[in-house]
Amino acid sequence: MSTATDPTVPVRAHSRAELSRGTHDLLVIGGGILGTAVAWTAAQTGLRVAMVDAGDFAGATSSASSKLVHGGLRYLQTGNLKLVAENHRERRTLARDVAPHLVRPLSFLVPVYKDGPHGSAKLGAGVFLYSALSAFGDGMGKVIGPEHALELVPALRQEGLRRAAVYGDHQMNDSRVAVTTVRAAVEAGAVVLNHAEVVGLRKDAGGRVTGAELRDRLDGAEFGVNARVVLNATGPWVDHLRRMEDPTAEPSIRLSKGVHLVLRQQQPWRAALTIPIDKYRVSFAIPWEEHLLLGTTDEAYEGDPGKVSPTEADIAQILDEAGSAVDPAQLRREDITYAFAGLRVLPGGAGATSEAKRETVVTEGRGGMLSVAGGKWTTYRHIGRTVLDKLAKAGVVALEEDMATPLRRVALPGSANPEAVAHRLLGEATAEDGVDPVVARHLASHYGNLAYDLAALVRTDRELGERIHPDGPDIWAQVAYARDHEWAMTVDDVLRRRTTVTIRGLDTPEVRSRVESLLAAGPN
């Protein structure tokens with residue numbers, strides 16, 4: 001296999017040197033939803049930006065979401081119509097202008113069962129209002145009969161089914177959105193490094209935070225980064241870093257554990273399910289990556305954020321809740337290919353985590369370090385702009401005078417109509433290429449027009465066109481591309497977050513060994 005590398009993606013030693021050189025305007029610690037959004041936005045303004053993460057980019061909670069870009073149907077119950085309308089505008093901008101290859105429309109059904117928590121009249125009014133707040137851009141929310149509902153979701157449980165409400169939202173692959181946003185930040189001028197752990201904060205004589213000491217977790221190399229402003233965007237670890245700044249800092253957040261299951265799908269669904277569990281809480285059953293995504297849970301978590309994982313009780317709860325609307329034949333434990341857990345970062349306080357506000361909070365510490373917590377994928381661009389605005393004006397160092405105004409709509413790398421990309425991939429393929437339509441559609445919907453770069457790799461080395469596993473659409477060119485273009489350093493970086501191999505349950509020992517060999521043959 002070819003091991004040619006992309007000179008625009010520096011090897012780690014060069015990245016460490018760039019991070020250590022001079023003083024950056026902004027150091028972002030944490031490469032999840034918030035960190036990548038702020039780094040991308042800040043780099044667009046002309047600031048000199050650095051971003052580091054102790055693990056992989058989006059390696060924790062940010063790749064453990066429900067894969068939704070949505071307006072927030074449940075916010076209608078709280079009367080927050082303005083928030084729903086803002087979410088709708090942002091999700092449609094993502095799907096239309098920013099990342100049409102990664103954010104796709106999807107219809108949702110809310111089944112109405114005898115003795116269920118909601119009636120069809122209430123739900124019908126709710127989904128109509130929901131669609132009206134998006135200016136009917138996804139069609140009109142309505143109520144349909146059982147027969148039509150079964151046409152959309154063949155696995156829908158029929159017993160006691162009265163009707164179903166229908167509305168439109170979007171879904172995405174969160175890992176691919178994350179790594180593509182990192183790439184956008186780098187193309188705008190940011191310097192980034194994953195698997196780089198903060199082991200201490202740099203401070204001046206007055207105690208102001210002026211940077212960080214880091215250790216490369218892959219080879220143990222130690223280095224430091226100087227910055228005028230430091231942003232703590234470490235998600236579940238935000239208080240850990242705050243205590244590095246100030247050992248007396250009080251807890252500012254609490255954590256809620258959310259678990260999801262991925263199952264083999266026995267037959268295609270044309271819509272997803274929003275399943276009412278009670279009057280306030282819902283669960284989802286979503287067709288995703290040719291599989292079924294179920295979840296999620298919502299319970300307080302007080303353990304080590306690095307050790308969060310699904311339990312047998314979590315799995316049983318998700319299957320049981322899904323079973324209230326899905327035929328049990330679709331919910332066999334032997335069909336589970338993957339289970340994952342993430343941690344929602346919620347403002348500190350009392351009460352059930354399910355009732356806590358999902359809001360982004362920015363605080364300033366004693367040493368001038370800014371800490372940000374919360375956030376969600378739907379509004380991550382807006383959050384990036386909001387946080388940057390606060391960073392520009394807060395603290396003892398003002399960045400505002402050094403910043404240009406970022407553009408409102410900047411497309412992510414690869415932005416293109418995935419159907420058009422797939423059509424071109426198939427049209428340009430020769431008989432010798434043997435391009436599989438399934439593979440072509442997979443590449444187009446995960447890379448957009450960057451898929452042409454992967455096709456070029458395959459033309460150079462035919463082995464790279466082979467499937468990683470015969471039961472999945474990912475090909476070996478994606479491994480080489482992840483290594484050379486997307487900062488993939490470990491087997492899990494590749495199989496869990498740059499491809500869909502792990503979520504499909506296809507990361508066999510043989511696959512992992514071959515990926516490890518390909519990574520070792522590349523830059524380090």
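Since we're looking at a predicted model, the values are computed, not measured.
Below 30°, between 30° and 60°, or above 60°: for H446 and H442 the angle between ring planes is between 30° and 60°, a tilted geometry.
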Would you sort out whether D314 and K257 count as a side-chain contact (heavy atoms from CB on, under 4.5 Å), showing the intermediate values? CA-CA 10 Å; D314 295 326; K257 176 183 173 183; 2.7 Å; yes
So E312 and R333, salt bridge (Lys or Arg N to Asp or Glu O under 4.0 Å) or not? Walk me through it. CA-CA 11 Å; E312 280 299 316; R333 279 183 172 252; 2.9 Å; yes
Apply side-chain contact (heavy atoms from CB on, under 4.5 Å) to residues E364 and L370 and explain how you reach the verdict. CA-CA 5 Å; E364 182 177 353; L370 279 295; 4.0 Å; yes
CA sep, side-chain torsions, deciding dist, call: Y113, S324, side chain to side chain donor-acceptor pair (under 3.5 Å): CA-CA 9 Å; Y113 287 98; S324 65; over 6 Å; no
Check the pair I33, I383 against side-chain contact (heavy atoms from CB on, under 4.5 Å), reporting the backbone distance first and the verdict last. CA-CA 9 Å; I33 292 174; I383 292 170; 5.6 Å; no
Could you give me the CA-CA distance, side-chain angles and deciding distance for H88 and Y130, then say whether side-chain contact (heavy atoms from CB on, under 4.5 Å) is met? CA-CA 9 Å; H88 275 314; Y130 190 70; 3.4 Å; yes
CA sep, side-chain torsions, deciding dist, call: R91, D138, salt bridge (Lys or Arg N to Asp or Glu O under 4.0 Å): CA-CA 11 Å; R91 73 176 176 87; D138 302 286; 2.4 Å; yes
Derivation and outcome, salt bridge (Lys or Arg N to Asp or Glu O under 4.0 Å), residues D298 and R281: CA-CA 9 Å; D298 190 347; R281 187 170 164 270; 5.7 Å; no
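Side-chain atoms of T502 and F340, non-hydrogen and from C-beta on, never get closer than 4.5 Å to each other. Within the 4.5 Å cutoff, the side chain of S252 has no heavy atoms near those of the T363 side chain. With a 4.5 Å cut-off on side-chain heavy atoms, L261 and L319 count as touching. The side-chain heavy atoms of L68 and I286, taken from C-beta on, include a pair separated by under 4.5 Å. Side-chain contact check for L156 versus P111: some heavy-atom pair is nearer than 4.5 Å. No side-chain heavy atom of L123 sits under 4.5 Å from any side-chain heavy atom of R163. Between L152 and S107, every side-chain heavy-atom pair lies at or beyond the 4.5 Å cut-off. For the pair L81 and L129, the minimum side-chain heavy-atom distance is below 4.5 Å.
Remark: side-chain polar atoms of R183 are not paired, donor with acceptor, to backbone N or O of L412 under 3.5 angstrom. Of the possible donor and acceptor atoms, none in the side chain of S62 sits under 3.5 Å from a partner among the backbone N and O of G32. Between the side chain of S415 and the backbone N or O of G448 there is no donor-acceptor pair closer than 3.5 Å. Although no hydrogens or angles enter the test, the distance criterion places no donor-acceptor pair under 3.5 Å between the side chain of S513 and the main chain of P509. A donor-acceptor pair is defined here as one N or O able to donate and one able to accept, closer than 3.5 Å; no such pair exists between the side chain of N417 and the backbone of P100. Checked by atom type and distance alone, the side chain of E299 never pairs as donor or acceptor with a backbone atom of G258 at under 3.5 Å. With hydrogens and angles disregarded, a donor-acceptor distance shorter than 3.5 Å links the side chain of W288 to the backbone of M172. When atom types are taken as modelled, the side chain of R381 and the backbone of E90 share no donor-acceptor pair closer than 3.5 angstrom. No donor-acceptor distance shorter than 3.5 angstrom exists from the side chain of R242 to the backbone of S371, with no hydrogens or angles considered. Checked by atom type and distance alone, the side chain of R332 never pairs as donor or acceptor with a backbone atom of E334 at under 3.5 Å.
Checked options V501, T499, V494, D507; the residue passing with V515 is V494 (criterion: side chain to side chain contact (heavy atoms under 4.5 Å, CB included)). Here the options are R496, E516, R514, the test is side chain to side chain contact (heavy atoms under 4.5 Å, CB included), and the partner is V491; only E516 passes. A side-chain hydrogen bond (donor to acceptor under 3.5 Å, both in side chains) with D492 is found for exactly one of R512, R498, R497, namely R512.
By the neighbour-count criterion of 12 heavy atoms within 6.0 Å, atom CZ of R408 is sparsely surrounded, having that number or fewer from other residues, nucleotides or ligands. Residue Q267 qualifies as enclosed at atom CD: its count of foreign heavy atoms under 6.0 Å is above 12. Within a 6.0 Å radius of NE2 in H118, other residues, nucleotides and ligands contribute more than 12 heavy atoms. Counting non-hydrogen atoms of other residues, nucleotides and ligands closer than 6.0 Å to CD of E250 gives a total of 12 or fewer. Counting heavy atoms of neighbouring residues, nucleotides and ligands inside a 6.0 Å radius, atom CD of E290 exceeds 12 of them. Enclosure of atom CD in Q266 by more than 12 non-hydrogen atoms of other residues, nucleotides or ligands within 6.0 angstrom is indicated.
With 3.5 Å as the limit, one finds no donor-acceptor pair spanning the side chains of D474 and H469. A donor atom on one side chain and an acceptor atom on the other are not found under 3.5 Å apart for T386 and D389. Side-chain contact annotation: Y167 with T274, donor-acceptor N/O pair under 3.5 Å present. With no hydrogens or angles considered, a side-chain donor-acceptor pair links D174 and S65 at under 3.5 Å. Using a 3.5 Å distance cut-off with no hydrogens or angles, the side chains of Y447 and D453 do not pair a donor with an acceptor. Looking only at atom types and distance, the side chain of H195 has a donor-acceptor partner in the side chain of D493 under 3.5 Å away.
Taking OG1 of T379 as the reference point, atom CG of L94 lies at 9.0 Å (rounded to 0.5 Å). Here Q317 contributes atom CD and I277 contributes atom CD1; the two are 8.5 Å apart, rounded to the nearest 0.5 Å. Between atom CD of residue Q44 and atom CG of residue L388 there is a gap of 9.5 Å, rounded to the nearest 0.5 Å. The CD1 atom of I336 sits 12.0 Å away from the NE2 atom of H291 when rounded to the nearest 0.5 Å.
Seen from the ring of Y280, R74 does not count as a face-on cation partner, given the 6.0 Å and 45° thresholds.
The heavy-atom pair separating V127 from A165 by the smallest distance is CG1-CB, 3.9 Å. The two residues G235 and I253 come nearest to each other via the heavy atoms O-CD1, 4.0 Å. L294 and A285 make their closest contact through CD2-CB, 3.6 Å (heavy atoms, listed as atom of the first residue, atom of the second, distance). Nearest approach of V372 to T360, heavy atoms of both residues: CG2-CG2, 3.6 Å. Shortest non-hydrogen contact noted between P154 and W269 is CD-CD1, 4.0 Å. Residue S131 comes nearest to G139 through the heavy atom pair CB-O, 3.4 Å, listed as atom of the first residue, atom of the second, then distance.
The list of salt bridge (Lys or Arg N to Asp or Glu O under 4.0 Å) pairs with a residue in residues 104-119, not counting sequence neighbours, is empty.
Taking the six-membered ring for Trp and the full ring otherwise, the centers of Y338 and H260 sit at least 6.0 Å from each other.
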